[in-house]
Peer 1: 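Just dropping this structure here.
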Amino acid sequence: MDLLQTIGGYLFTDIRMAAPVLLAGLGLLLMNWSGLLNIGAEGTMLIAALAAVAGSHYFGSVWMGLLLAMLAGAVFGLLFAVLTVTLRANQTVVGAAINILGLSLSTTLNRVLFGVETTVTKVDSFKVLEIPLLSKIPVIGQAFFAQMPIVYIAFLLVPVMHYFLFKTKPGLNLRSVGENPRVADTLGINVYRTQYLATIIGSMIIAAGGAFLSTGLLNFFTEDMVAGRGYIALAAVIFGKYKPAGIMIAAMIFMAGNVVSNVLQVAGVGIPYTFLTMIPYILTIVALTIFASRAVAPASLGKPYKRG
Amino acid sequence: MGVILEMENICKQFPGVLANDCICFSVNEGEVHALLGENGAGKSTLMNILCGLYKPTSGEIRLEGETVRFNSARDAMERGIGMVHQHFMLIPTMTVTENCLIGDKEGSSVKLDRKEAGRRLRELAERYGMEIDPDAVVGTLSVGEMQRVEIVKALFRGAKILILDEPTAVLTPQEARALFKMIRALTDHQFTVIFISHKLDEVKEISDRVTVLRQGTVVGTHDIDDCSIEDLARLMVGRDIYFDAVTRQQPIGDTLLDVNNLSLHREKSNDGKLLDDLTFEVHEGEILGIAGVDGNGQAELVECLTGIRKASSGEALYRGKNLLDLSTREIMSHDVSHIPQDRQKTGLVMPMTLVENFALQDYYKKSFGKSVFLDWSGVEERSTKLIQDFSIKTPSPYELAQNLSGGNQQKVVVAREISRQPQLLIAMHPTRGLDVGAVEYIHNQLIDQRDKGVGVVLVSTEMEEIMRLSDRIIVLYEGRAMGCVRPSETTVEEMGLMMGGRTLDDIRKGRVNGTPAEEKMM
Amino acid sequence: MKKCLAVLLAVLLVFGAVAIAGCAPKDQPDASKPKETKAGEVDGGEKKDPSKMKVVALLSGVITDNGWNQICYESVKNLADKYGIAAEYNENIAVSDMAEYIRTYAEEKYDMIIVHGSQFKASAEEMARKYPDSHFCLSYGFRVDESTADQVEDIPNLAYVGPVNMGVLIGAIMGILTDNNKVVFLGGQDIPAITDIVSGIKEGVSLTNKDAAVMTDYLGTLTDADLAKERALAFIDDGYDVISASANTAQLGCLHAAEERGVYALGFNGDQYGVAPNAVVLSVMRNYPAIYEDVFLSIAEGTWKSGMVVYTLKDNGTSVSDWHGWDKKLPKEKVDAINDVIQKLYKGELGDY
Amino acid sequence: MKALFTTKMKTQGKAGAKQVLVSFGATVFALALGMLLIYAIGFDPFSAVVAMVDGAFGSKNAFGETLVKMTPLIFTGMSYALASRCGLTNLGMEGQLYMGALAGTATGVYVSGLPAALHLPLTILAGFLGGALWGLIAGALKVRFGASEIITTVMLNTIAISFIDYMVNGPMIEPPGINCQTQPVQSTAQLPNLISGTRAHWGFVIAIVFVVLFWLFLWRSKRGYEVRVAGLNLSAARYSGIHTDKNILLVMFLAGGLAGLAGCNEILGIQIRMIPEISPGYGFDGIAVSLIGNNTPFGIVIGALLFGAFRAGGNRMQIRAKVPNAIVSVVQALVIFAVVASQMLLDKWNEHQMKKMNRQESEVA
């Protein structure tokens, strides 16, 4: 029983830590299926993490914070779309610049908004929402049903996104744009509009992941707090073979590495943490080498589309 | 059977080319209407206008008497016009049903109703005698099946008029037979089919009426029963051809290239062969013409001979070596030159200067610099000389290739390849898209080479060019050689028949008239 | 084209909005506002007038990190408040840039240049040799054993300044606070300077609670507060009921975890009561404000000492924050015991710390 | 040999000049936007700019500092440009830089008893190889498995940086292990000072030498010619018998090596020893540098000068105008956006002009 409880605890932690990566991964997925390769998730999450704190601080509600974060994400998404879709600029270069912008702008604005105080500005943050009855299920009850609302949202997004992508007409249209924009175009789909929408909505989902980092697990913003999760999300998408459920599993596996290292540390078994941080990245490279020969990525991912 | 579609005085002007010149074209409901013509006759342009991909420069389209304007493929589709392109517009990772549902706006629900769509597809397919598994992933299908999917997709989206752009080009004879059955089933149900082709037998067999295009204009529209295959051939090719020019100075020399039983399979080997058992020789000081309509294996043949593609079987002996075993680099270093078919895509590096382009084939040789460095001053000298010798119009040898006119670009390629002093020169479409002056110039260059004892393989779809320059002509049809003739011993009619899929033996044996095409196809 | 313009306009608007929002609060750090000079308070000495001295702090991170860098910022602010000098600082200086920063200030004849962090050791040593007229203070995390001496170069105008034995104090308090006899301290990265604190903690806990199990470990990050929080939660869930951490901004995550689970936490390097008022009982701080005031005055008075300048507990090198009302919330015997052990440590009654 | 340099070789022409001009204009535009931002958050933009220019070029020392910052940027800029010239996207400069620095440090510290004339070149070679082998991993994965180098290089960055953290805190830590750094490299492996009184070191000269080598390789050597042909037109390369896989491996090797030299020179000229976080983002700046420089040798030097001045001047801006250093990064991002956008707009404009010309031509005809 005790062991089960402990396992339940690990699961709880894993799920909670996976949530932001999962959100970022799902946002990236949407963009990838529209044929856009955005490596700028890290920067988008950072600016969103700050915006969430700012929103929560100025409007007194964590939900307003989330809204503002998603707005900030939308602006970043729009910027990406203007440059890569309309102007057909190199997506990788723009994504890299978005990362630089996210890091530096969040640092700057943090100072401007909250000044130099001896205490960090604390704001309203997400509270755990226990689902009655279900949360009392032994072992998994706490893990699955006593999380913050945004964790539920993240995991509910998995079936929703799957349904959208693979069971609805707009989803099919989106995927056809990512696979072959010319075909989509001849079949009457507005390729550019689809890509714009996918980028903006995708960036908003990524931003929700960023918001969770600052107002979910914590209630303040610190510089560079995303700490590579944007890249891990990028990795999760590839590892998850461009499927929402796959991303969920990938995010949980990657974060389980942290859980495992928590467990090992508590148990007093030290392995160099530097090696643990490498795991997701090494796994991704391995996944890439395995999947690369098969067509799992949308066929025209990263290639700009020119009409006519 | 009333007139369902009329295209009136359609003109389409591309930069530098008048692709359609006042074309009038009308189609009756429920008929199979063939659109016959050589490459560049304007068939595809006309159909792309009809299906909304191009906008005509002038002219109008009337559908069931009503004037329509199409701004996109979708507009045309909504009015019941569906086109099956030569290059399939399908997404290989998706299922048949999904491919048919892309962009579909029917029904109010957002949900993708695969079951219902699958049921409808199956129903459609059954009604017109096609076998289709709606849940199959398109990428796993054969070419013939994919084409069926394209047709069903068009029907599914409400097409009443179906345009098939050279549908049999990618099919095996068996698949082609099945396709014809489908077309018949469709017209029995009052669908109208426009069938683009250059294959005479097919046209004769399947169509009710035929409109022949030549150089952007309509030559005539006829009931198929009023025309023999010979008539069609004459209509299609039908201009006076000059056999004047080329008089030979030297006799033809020894065998230079000896190709035996060269075959090339499609990627999926059961899909048939791209090249089928080709055997021919090229002699020193001879121009061997490879004639035929585009897409009948010419490109593959050239790619096999130049090492870009690996042949499935056979040999091509050249100076004691089998070219099919060598890499491109090795072949080229044995005094072989290659004028590729597309100067912009493969012949030149457009954003590079002329000097750099002149170095493209031989830069690695000692004569282009003894060390690891290229001797650019040498290349520049060479370039300046070539620019003069071939009178290439350019402000400087350092002009970027992309800033030259098409003729001058081609001259650069020809100059480069000829200056390599080849023994064997493989030239593919060397004059495509060029003006008369440039064509003349390049022809003279080829003749010069021949006179120097070079063996020239000239691949061209231009009948005049082939007839005028070649010492012998091989006609390719679906990867097979239909026959080998001397220009002086053949007629336009005979050439047309071979290009349309008759073997020389058949033609000469019986002066065949109206032999059912299916015999050939089986 | 119109669409494109509209999009551009929208981007500009949002940027504008951000900028305006940024202007609104107007709470710029304005530490440089001169306060009244209390010149009479200190003996001016023959060497220098404190109010004319120029001091700058060069920091590796931001002054809002609630820890290592903030405490240094407060040190110069303290000097500014007391002696009417300008509180100058620079943030986020990369290791590769530090020498250049130092040079800039040294060339302007700054009297006291605080280089905050042992990672800047090489730059500080190089520049100290080049600019003998300035006094350089390298904020240093000392190890208790004597091997440090080998690492310290003898440069007359460079001092390696830092408190020692902080770990002992933290450990002693943790030992009293724990109910389960399980305490944990988490370092940011496995760097030797933190190893010192870690070893001190074991010693300190054993002073007050022989039965307590001490766990010390490393987070592997200085910025990832979320990760730090989860790590702390893992320990808390395993029964550890007192937690303390040293990992710049990441350590705030640990305090947050304590707050969430309702266990005790100790702030470190800054008064972190505000981060988690229901968990942070006390904060133990490197007393850099006092230390640097001391060093500042030694420069002014001409009693500057180079080399290892170590402030033990006895020397007031480590400070403990206000109770913030926790002395009312905790059981009285714990409060008393803690007050008692702090006093004894400061007086050196429990050993030479 | 002399002919190598004397033959005139206009690879760019008017179009190139126009592009550089447009990039420059975009940079100015981005700077103006940056000044607006500085103003918006409550600082004086003019004093900030003055401080920045002063910090970059105001004195011998300032200029020396600009040279110091330029040096790694020239290398990473070349690294990105070289890969681009072959049609590859190398985002792994940061990781390659660290691995180069590590290899250089190891050779500099642990190889002893050699004269400087041998030790220094050996160490630089090691730095080159360290980055080159790290870059080669991405190249090999692409050639062997078809794995996109865009993703693998990003992943390899984090792996390299974690590995460095481990090495510096573990096996290579300076005994007895107080400070998180390695031993200093031996004096025989250190790069001498270039301008006395500044930190500018001979690494800058090496960088310039490599710019010349970069130019020689791409525009003079046979192999470089192959690389450029493959990068511009893959099928033309195949038709002329160029072995494209071999070129990918070679280019990723060389590009990695260039980035490795950025790290190695930084160690040998500035840091003397390996510490974590030796690079404040030189790798990613390389993208911008090569972008501004249009992948040309001279352009890269100019781009590096601009971004080097940003970094050096940005420090001064913090010191003098109290503007947070992060603003400089914001401006850098804006510069990238502006340059990318301007180049694409220029393309579109050219296309438009071309269409118009064609239309006129056909009307005449």
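Naming convention: chains lettered A, B, ... in sequence-line order (proteins, then strands); numbering from 1 in each chain. The figures that follow rest on heavy atoms only: side chains count, while hydrogens, waters and symmetry mates do not.
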Peer 1: Ignoring hydrogens, what is the shortest heavy-atom contact between Thr198(D) and Arg103(C)? Give both atom names and the distance.
Peer 2: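 Shortest heavy-atom separation between Thr198(D) and Arg103(C) comes out as C-NH2, 3.8 Å.
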Peer 1: Before giving the answer on salt bridge (Lys or Arg N to Asp or Glu O under 4.0 Å), spell out for Arg316(D) and Glu108(C) the whole-Å C-alpha distance, their side-chain angles and the decisive distance to 0.1 Å.
Peer 2: CA-CA 13 Å; Arg316(D) 188 62 63 103; Glu108(C) 296 190 7; 5.5 Å; no
Peer 1: With chain D as the partner, which of Val95(C), Val56(C), Ile93(C) has the greatest number of non-hydrogen pairs under 4.5 Å?
Peer 2: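 Max contact count across the listed options: Val95(C).
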Peer 1: If I take atom OH from residue Tyr101(C) and atom CD1 from residue Ile319(D), how far apart are they, to the nearest 0.5 angstrom?
Peer 2: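 Tyr101(C) atom OH to Ile319(D) atom CD1 measures 5.5 Å (nearest 0.5 Å).
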Peer 1: Contact between Asn92(C) and Gln318(D) at the side-chain level, heavy atoms closer than 4.5 Å - yes or no?
Peer 2: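 Side-chain contact under 4.5 Å: no.
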Peer 1: Identify which part of Glu65(D) has an atom lying under 4.5 Å from any heavy atom of chain C, answering side chain, backbone, both or neither.
Peer 2: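 Side chain of Glu65(D) only, per the 4.5 Å heavy-atom cut-off to chain C.
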Peer 1: Is it the backbone or the side chain of Arg311(D) that comes under 4.5 Å from a heavy atom of chain C, or both, or neither?
Peer 2: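 Contact with chain C involves no heavy atom of Arg311(D) at all.
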Peer 1: Could you tell me whether Arg273(D) and Glu126(C) have a side-chain N and a carboxylate O separated by less than 4.0 Å?
Peer 2: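 Salt bridge flag = no for Glu126(C) with Arg273(D).
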Peer 1: Under a 4.5 Å cutoff for heavy-atom pairs, which residue among Lys69(D), Arg199(D), Gln181(D) has the most contacts with chain C?
Peer 2: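 The option with the most such pairs is Arg199(D).
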Peer 1: Measuring heavy-atom distances to chain C, does Ile275(D) have an atom under 4.5 Å in its side chain, in its backbone, in both, or in neither?
Peer 2: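 Side chain only.
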Peer 1: Could you tell me the separation between the OG1 atom of Thr66(D) and the CD atom of Glu100(C), rounded to the nearest 0.5 Å?
Peer 2: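 Output value for this atom pair is 8.5 Å.
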Peer 1: Should we count NZ of Lys202(C) as having more than 12 external heavy atoms under 6.0 Å?
Peer 2: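 Atom NZ in Lys202(C) is not packed in, count stays at 12 or less.
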Peer 1: Quick one: pull up CZ in Arg320(D) and CG in Asn90(C) and give me the separation to the nearest 0.5 Å.
Peer 2: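 Rounded to the nearest 0.5 Å, the CZ-CG separation comes out at 10.5 Å.
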